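Since the structure comes first, as structure tokens, the remarks are kept for the end.
On a predicted model such as this, the values are computed, not experimentally measured, just so you know. The sequence lines fix the lettering, A, B, ..., with proteins before strands; numbering per chain opens at 1.
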Protein chains: 2
Amino acid sequence: MRMSELSTTTGVPVPTLKYYLREGLLHGGERTSPNQARYDSSHVARVRLIRALIDVGDLPVARAAEVLAAMERPELELSHIFGIAQRSVTERPGADLPTTPTEESREPSRGERRIAELCARRGWRVHGDNPGLAMATRVLDAYEALDQPHLIAALDDYAEAAERIAAADLATVAAAGERTRGDRAAMANVVVIGTVLGDTLAAGLRRIAQEVESYRLFPDGGTETRRADRQDPSC
Amino acid sequence: MRMSELSTTTGVPVPTLKYYLREGLLHGGERTSPNQARYDSSHVARVRLIRALIDVGDLPVARAAEVLAAMERPELELSHIFGIAQRSVTERPGADLPTTPTEESREPSRGERRIAELCARRGWRVHGDNPGLAMATRVLDAYEALDQPHLIAALDDYAEAAERIAAADLATVAAAGERTRGDRAAMANVVVIGTVLGDTLAAGLRRIAQEVESYRLFPDGGTETRRADRQDPSC
DNA sequence: GCGATATAGATAGTTACGCTATCCATCATG
DNA sequence: CATGATGGATAGCGTAACTATCTATATCGC
């Protein structure tokens with residue numbers, strides 16, 4: 001398969017494929033001469049994975065490259081790949097979070113304390129470098145800064161839901177392990193795809209459930225709920 | 001309060017404040033002369049809200065502007081603001097989703113059917129324009145395209161979790177309504193903040209719970225789990 | 001064999017976004 | 001009344017993700 005065919009079967013333009021090659025997201029084809037190469041189904045699968053991570057999972061290209069690179073290093077443990085995938089969906093480009101000054105002394109913010117309490121309540125033991133800790137802490141601190149401390153009331157429900165999702169995620173990985181008899185590459189695939197796309201899936205279902213719940217709680221909905229000019233409920 | 005003071009109390013540089021003024025995120029101060037203005041606590045609160053939406057909620061500036069504009073239109077119902085907030089966190093800049101060609105005839109993808117089945121199973125009734133529908137559908141279709149159909153096994157657990165989170169979200173809004181005796185502006189605040197930052201909170205807690213669950217399911221963790229050089233579990 | 005087309009690789013250009021920087025004509029203030 | 005800040009307008013910058021162009025081969029159809 002030549003590059004143009006790879007392009008047509010995946011729907012990704014040739015210049016973009018070249019760009020992915022340059023950036024190391026896509027492995028080069030098998031050389032047939034100094035300036036010709038042949039691509040195969042592994043390239044098709046890879047391109048599809050790249051687009052899924054970028055388009056559906058909304059990863060920046062550079063993050064996707066890191067995740068893909070990690071997937072291909074057989075010496076890395078799954079737990080490590082998990083961590084890299086988590087970081088890839090967490091660290092946004094313009095983060096620049098005000099790096100804890102000296103990392104050591106610094107009294108914890110209220111959000112930090114609340115998260116620590118939450119972990120204690122639920123018996124969660126987590127490493128301090130879990131990207132979710134900083135993420136959740138920032139939200140709780142923002143709730144306070146915005147003078148909306150009552151929003152914290154939902155924290156335990158969120159935690160319960162997170163636990164349920166995580167259990168499903170890990171069960172999926174375990175099932176993949178059994179199905180493939182522990183094939184590391186296959187499991188790494190499940191870890192990466194499940195972690196990255198799972199975020200999007202959870203967010204999407206939350207939007208749906210919010211609408212449903214809003215009907216349940218406010219059945220009247222006024223004269224019109226959402227856009228009145230649209231078609232009827234589809235589900 | 002002059003602009004420089006607004007800048008120091010919020011930590012946002014003056015040129016950036018001017019930029020937010022230009023873009024309509026921030027309302028102008030009270031004029032004291034043709035080229036002087038005075039800012040007050042409403043501006044401080046607004047700037048904090050802007051930064052929370054952008055930094056913590058990861059909204060693009062333009063989306064934040066839309067949400068803020070909607071919040072200030074008293075004739076808009078809460079349900080409408082809800083929808084706008086949902087869209088703001090959903091529609092990413094480079095989306096360019098291949099707009100359903102003519103919107104009418106087009107057999108549904110497998111993902112679409114699975115989501116419809118899910119809604120039927122759970123008794124969810126949703127409008128077809130709910131942004132979560134497209135989001136979830138894209139993920140399910142990606143699972144298929146990536147040859148990982150078994151990931152769909154987690155769908156019902158995700159849905160259960162989403163329901164729980166949505167119930168907490170709406171309960172928070174209802175509580176705010178009671179506390180403020182139905183003050184629309186206050187409720188709109190809760191809706192926007194809860195919807196936008198709630199996404200981040202849910203994602204963060206998911207990362208934490210994933211790590212916890214991974215210890216539970218794979219207690220050995222090999223010789224090292226996550227980065228061995230980091231400090232001990234913090235929670 | 002040969003001309004049209006395709007290809008790998010390098011380099012440069014493009015667009016969008018989120019600021020930053022510079023000007024300038026007031027304005028406020030010691 | 002000199003000094004420095006302010007509002008407003010305009011221009012510039014850095015990053016990200018492509019996209020376009022160019023060049024020297026390769027390949028394919030005939």
(request) List in chain and number order the residues that pass side-chain contact (heavy atoms from CB on, under 4.5 Å) with B:N189, two or more places apart in sequence or in another chain; answer none if no residue qualifies. (result) A:Q148, B:L49, B:M71, B:I193
(request) Assign each of B:K18 and B:A62 to its nearest nucleotide of DNA chain C by heavy atoms, then name whichever residue's nucleotide is nearer the 5' end. (result) B:A62
(request) Give a yes/no answer on whether the side chain of A:T16 brings an N or O atom under 4.0 Å of OP1 or OP2 in D:dT19. (result) yes
(message) Can you give me the closest heavy-atom contact between B:A176 and B:M187, atom names plus distance?
(response) C-CG, 4.4 Å
(request) Give a yes or no on whether the backbone of A:S109 and the side-chain of A:E112 come within a donor-acceptor separation of less than 3.5 Å. (result) yes
(message) For A:T137, give me all partners under side-chain hydrogen bond (donor to acceptor under 3.5 Å, both in side chains), at least two apart in sequence or on another chain.
(response) none
(message) Expressed as a whole number of angstroms, how long is the span from B:E5:CD to D:dG7:C1'?
(response) 17 Å
(request) Report the distance from atom CG of B:L21 to atom C1' of D:dT10, rounded to the nearest whole Å. (result) 16 Å
(message) Please check this pair: side chain of A:S7 against backbone of A:M3, looking for a donor-acceptor N/O pair closer than 3.5 Å.
(response) no
(request) Please examine the side chains of B:L53 and B:V192, heavy atoms only from C-beta on, and report whether any two atoms are closer than 4.5 Å. (result) yes
Under 3.5 Å between N/O atoms: give me all the protein pairs with nucleotides 2-5 of chain C, atom names plus distance.
none

(request) Tell me whether the OP1 or OP2 atom of D:dA17 has a side-chain N or O from A:R51 closer than 4.0 Å. (result) no
(request) Taking the side chain as every heavy atom from C-beta outward, state whether B:V61 and B:I54 have any pair of such atoms under 4.5 Å apart. (result) yes
(request) Spell out yes or no: do the side chain of B:R31 and the base of D:dT6 have one donor N/O and one acceptor N/O closer than 3.5 Å? (result) no
(message) Whole angstroms only, please: what is the CE-C1' distance between B:M3 and C:dT20?
(response) 14 Å
(message) Please pick, from C:dT20, C:dG18, C:dT7, the nucleotide with the shortest atom-to-atom distance to any side-chain atom of B:V61.
(response) C:dG18
(request) Indicate for each nucleotide in nucleotides 24-30 of chain C, in 5' to 3' sequence, whether protein heavy atoms under 4.0 Å reach the base (B), only the sugar-phosphate (S), or nothing (-). (result) --BSS--
(request) Could you state the atom-to-atom distance from CG of B:L53 to C1' of C:dG18 in whole Å? (result) 16 Å
(request) Evaluate the side-chain proximity of B:L205 to A:L118: yes if any heavy-atom separation is below 4.5 Å, no if none is. (result) yes
Would you tabulate the side-chain donor-acceptor contacts of residues 14-29 of chain A under 3.5 Å, counting partners in other chains and residues two or more places apart, or write 'none'?
residue : atom : partner : partner atom : Å
A:Y20   : OH   : A:R51   : NH1          : 3.2
A:H27   : NE2  : A:S42   : OG           : 3.1
A:H27   : NE2  : A:H43   : NE2          : 3.4

(message) Strictly below 4.0 Å: does A:Y19 bring a side-chain N or O up to OP1 or OP2 of D:dA20?
(response) no
(message) Distance check needed: D:dA9 C1' versus B:R22 CZ, whole Å only.
(response) 8 Å
(request) Would you tell me whether A:T200 and B:R138 have side-chain atoms, one donor and one acceptor, within less than 3.5 Å of each other? (result) no
(message) So, does A:Y20 get its side chain near the phosphate of D:dA17, meaning an N or O under 4.0 Å from OP1 or OP2?
(response) no
(message) Quick check on contacts: within residues 39-50 of chain A, what sits under 4.0 Å from DNA chain D by heavy-atom distance?
(response) none
